[in-house]
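No hydrogens, no waters, no symmetry mates; every other heavy atom, side chains included, goes into these values.
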Amino acid sequence: MKTAMNRLTPLGVMVLALLREDDMHPYEMIRLLRHRRDDRIVAITNGTVYHTVARLEKHGLVAEIGVDRDGNRPERTTYALTDTGHRAVEEWVRRELPLIDRPVEFRVALAEAHNLDRDETVALLTARLAALAAARDELADGIRGARDAGAPVVEQYLLEIDRERALLAADHDWLAALLGRLAHPDFVWGSHEKTDRYLAQREAARS
């Protein structure tokens, strides 16, 4: 499983996470991903999704369970998540969630963090918070040293590094606030009842 997990792309993880909800055919996956605006994070085209599903099947993470035809529409192959695929989602999210140098992977891991239990998610995000603080402080020290040197660095050369420090600080503060929210029992986490809105969304994606 470790080899298969290492080959997972962010889109592959999103597809596997969809199949944790229910069995689906690729066309439904595409419509759900777009409806949920996951194309903000990764490029989603018919070709990339079908290719991703084929790779996931090749590595034993999903399995074909049936082929349907509705009227004049093309045949649609439905896939289910295998036990290996189920574990791969958790392992991938577990690996990526605390890292601070893989922004696309982190966005996907954060979006799928609800696949882990609350306490583990808090622990992983707490590790990320510490890494953000360390990186922020290191940059701040470097900027301070450049400005306080006997021959200070001209300010225009510090713009990019100062922006990076500000982004790290903002990310740190947002994450600290999120951890406070996650600790509250009213913050819904993990699997929950499928609402009428969710079921309507699924029905629309199938049509």
Any side-chain heavy-atom pair of Arg136 and Glu164 under 4.5 Å = no
key: Validation row: Leu182, Trp189 side chains within 4.5 angstrom (heavy atoms)   = yes
query = CD/Glu105 to CG/Leu8 distance, rounded to the nearest 0.5 angstrom?
reply = 11.0 Å
key: Minimum side-chain heavy-atom gap Ile143-Val153 below 4.5 Å   = no
task = Measure the OG1-CH2 distance between Thr9 and Trp92 for me, rounded to the nearest 0.5 Å.
result = 8.5 Å
ask   = For Leu158 and Ala146, which heavy atoms make the closest approach, and how far apart are they?
value = CD2-CB, 4.0 Å
For the student: nearest non-hydrogen atoms of Leu16 and Ala88, plus distance = CD1-CB, 4.4 Å
ask   = From Glu21 CD over to Leu19 CG, what is the distance, rounded to the nearest 0.5 angstrom?
value = 9.0 Å
inquiry  = Could you check whether any side-chain heavy atom of Leu33 comes within less than 4.5 Å of a side-chain heavy atom of Val42, counting everything from C-beta outward?
reply    = no
remark   = Correct closest heavy-atom pair for Pro26 and Val49 would be O-CG1, 4.2 Å
query = Does Arg118 reach the main-chain N or O of Phe187 with its side chain, forming a donor-acceptor pair under 3.5 Å?
reply = yes
inquiry  = Side chains of Val67 and Glu64, heavy atoms from C-beta outward: is any pair under 4.5 Å?
reply    = yes
inquiry  = Please determine whether residues Met29 and Ile41 belong to a single hydrophobic cluster, defined as Ile, Leu, Val, Met, Phe, Trp and Tyr linked transitively by side-chain heavy-atom distances below 4.5 Å.
reply    = yes
ask   = Linking I/L/V/M/F/W/Y whenever their side-chain heavy atoms sit closer than 4.5 Å, directly or via other members, would Leu125 and Leu167 fall into one cluster?
value = no
query = Quick one: do Leu116 and Leu110 end up in the same hydrophobic cluster if we chain Ile, Leu, Val, Met, Phe, Trp and Tyr together by side-chain heavy atoms under 4.5 Å apart?
reply = yes
message = Taking atom CD as the centre, does Glu138 end up with more than 12 heavy-atom neighbours from other residues, nucleotides or ligands that are less than 6.0 angstrom away?
response = no
key: Salt bridge present between Arg128 and Asp171 (N-O < 4.0 angstrom)   = yes
Leu129 to Leu175 - nearest heavy-atom pair and separation = N-CD2, 3.7 Å
key: Note: Arg163-Glu160 ion pair, threshold 4.0 Å (strictly below)   = no
request  = Report the residue from His25, Glu57, Met24 that forms a side chain to side chain contact (heavy atoms under 4.5 Å, CB included) with Tyr79.
outcome  = Glu57
ask   = Judged by atom type as modelled, is there a donor-acceptor pair below 3.5 Å linking the side chain of Arg20 to the main-chain atoms of His86?
value = yes
Sequence-distant partners of Arg102, side chain to side chain donor-acceptor pair (under 3.5 Å), two or more places apart = Glu96
inquiry  = Count I, L, V, M, F, W, Y as connected when their side-chain heavy atoms are under 4.5 Å apart, and connections chain through other members. Are Leu132 and Trp174 then in the same cluster?
reply    = yes
inquiry  = Pair Leu97, Phe106 - check side chain to side chain contact (heavy atoms under 4.5 Å, CB included), show working.
reply    = CA-CA 6 Å; Leu97 205 56; Phe106 173 70; 3.9 Å; yes
inquiry  = Return the CG to NE2 distance between Asn46 and His51, rounded to the nearest 0.5 Å.
reply    = 14.5 Å
message = I'd like to know if the side chain of Asn115 and the backbone of Glu112 have a donor-acceptor N/O pair within less than 3.5 Å.
response = yes
task = Output all residues satisfying side chain to side chain contact (heavy atoms under 4.5 Å, CB included) with Thr82, sequence neighbours left out; order by chain, then residue number.
result = Ala63, Thr84
key: Shared hydrophobic cluster, Ile65 / Leu61 (ILVMFWY, side-chain heavy atoms < 4.5 Å)   = no
request  = Specify the closest pair of heavy atoms between Arg36 and Leu18, including all atoms of both residues, with the distance to one decimal.
outcome  = NH1-CD2, 3.3 Å
task = Answer whether the closest heavy-atom distance between the side chains of Arg94 and Glu91 falls below 4.5 Å.
result = yes
remark   = In this structure, CG of Leu139 is separated from CG of Asp162 (nearest 0.5 Å) by 9.5 Å
inquiry  = With a 3.5 Å distance limit and no angle check, can you tell me whether Thr48 reaches the backbone of Ile44 through a side-chain donor-acceptor pair?
reply    = no
message = Under the rule for side chain to side chain donor-acceptor pair (under 3.5 Å), what residues qualify as partners of Asp173, not counting sequence neighbours?
response = none
note = Ala43 and Leu11 have their tightest heavy-atom pair at O-CD2, 4.2 Å
message = Please enumerate all residues that pass side chain to side chain donor-acceptor pair (under 3.5 Å) together with Arg144, with sequence neighbours excluded.
response = Asp141
query = side chain to side chain donor-acceptor pair (under 3.5 Å) with Asp38: which residues, sequence neighbours excluded?
reply = none
Pairs involving residues 175-186, ordered by first then second residue, that meet salt bridge (charged side-chain N to carboxylate O under 4.0 Å, His left out) (sequence neighbours left out) = none
Exceeds 12 heavy-atom contacts within 6.0 angstrom, atom CZ of Arg147 = yes
